[in-house]
Amino acid sequence: MGREPEAHRPGWILEWLTWVLGEALSEPAEQQTRMVPHTFERATFYRIDYQMQRSIGPDKVKEIETLVGYGEQLANQVDWKDILAGKETVHFVSAPK
């Protein structure tokens with residue numbers, strides 16, 4: 001999953017509660033980034049995210065072509081030779097201390 005564009009900032013209590021709940025439920029993606037290097041200490045770990053131009057829900061089947069386009073753009077931006085060689089790139093994630 002890619003990163004979504006900046007979301008609307010909550011202005012009143014119901015918007016804040018909705019936002020907090022949403023953030024609490026989206027935390028597992030960040031937990032993966034912390035868990036993998038900790039669990040596999042000797043592995044080289046990269047996190048490759050794509051900055052999406054707009055939010056696309058996982059149930060939006062009609063957006064498959066758009067998502068394929070995003071994937072192709074991302075694949076062309078990544079320095080695969082350095083990643084496959086285990087070098088530190090902009091996508092490298094260091095293990096937590």
Side-chain angles (χ1 to χ4, degrees):
M1 181 181 290
R3 293 185 184 175
E4 296 182 358
E6 295 278 330
H8 167 70
R9 186 173 205 166
W12 62 290
I13 190 67
L14 186 56
E15 288 181 334
W16 276 105
L17 291 173
T18 304
W19 179 78
V20 168
L21 182 59
E23 289 299 309
L25 294 175
S26 68
E27 180 61 23
E30 294 303 319
Q31 289 175 355
Q32 292 173 357
T33 302
R34 292 190 302 270
M35 286 175 46
V36 171
H38 177 74
T39 305
F40 304 99
E41 295 174 3
R42 297 185 339 189
T44 304
F45 179 61
Y46 299 90
R47 180 172 181 150
I48 302 171
D49 288 326
Y50 182 78
Q51 184 65 46
M52 296 174 64
Q53 297 170 5
R54 62 186 170 89
S55 179
I56 299 175
D59 61 337
K60 303 297 183 199
V61 178
K62 292 181 180 180
E63 298 287 349
I64 289 176
E65 290 301 318
T66 302
L67 293 171
V68 168
Y70 287 164
E72 289 171 349
Q73 289 174 8
L74 174 62
N76 290 328
Q77 293 173 2
V78 175
D79 188 347
W80 294 109
K81 286 184 182 180
D82 282 349
I83 287 177
L84 293 173
K87 296 180 180 178
E88 291 189 18
T89 71
V90 296
H91 303 292
F92 179 76
V93 178
S94 60
K97 303 285 183 204

| request: Please round to the nearest 0.5 Å and tell me the distance separating atom CH2 of Trp80 and atom NE2 of His91. | output: 7.5 Å
| said: Taking the side chain as everything from C-beta on, heavy atoms only, tell me whether Val78 gets closer than 4.5 Å to Tyr46. | reply: no
| Is there a side-chain contact between Leu67 and Met52 (heavy atoms, below 4.5 Å)? | yes
| field | Spatial distance of atom NZ (Lys81) from atom CD1 (Ile83) [nearest 0.5 Å] | value | 13.5 Å
| message | Within the 4.5 Å heavy-atom criterion, are Lys87 and Asp79 side-chain neighbours or not? | response | no
| message | For the CZ atom of Arg54 and the OG1 atom of Thr66, what is their distance to the nearest 0.5 Å? | response | 5.0 Å
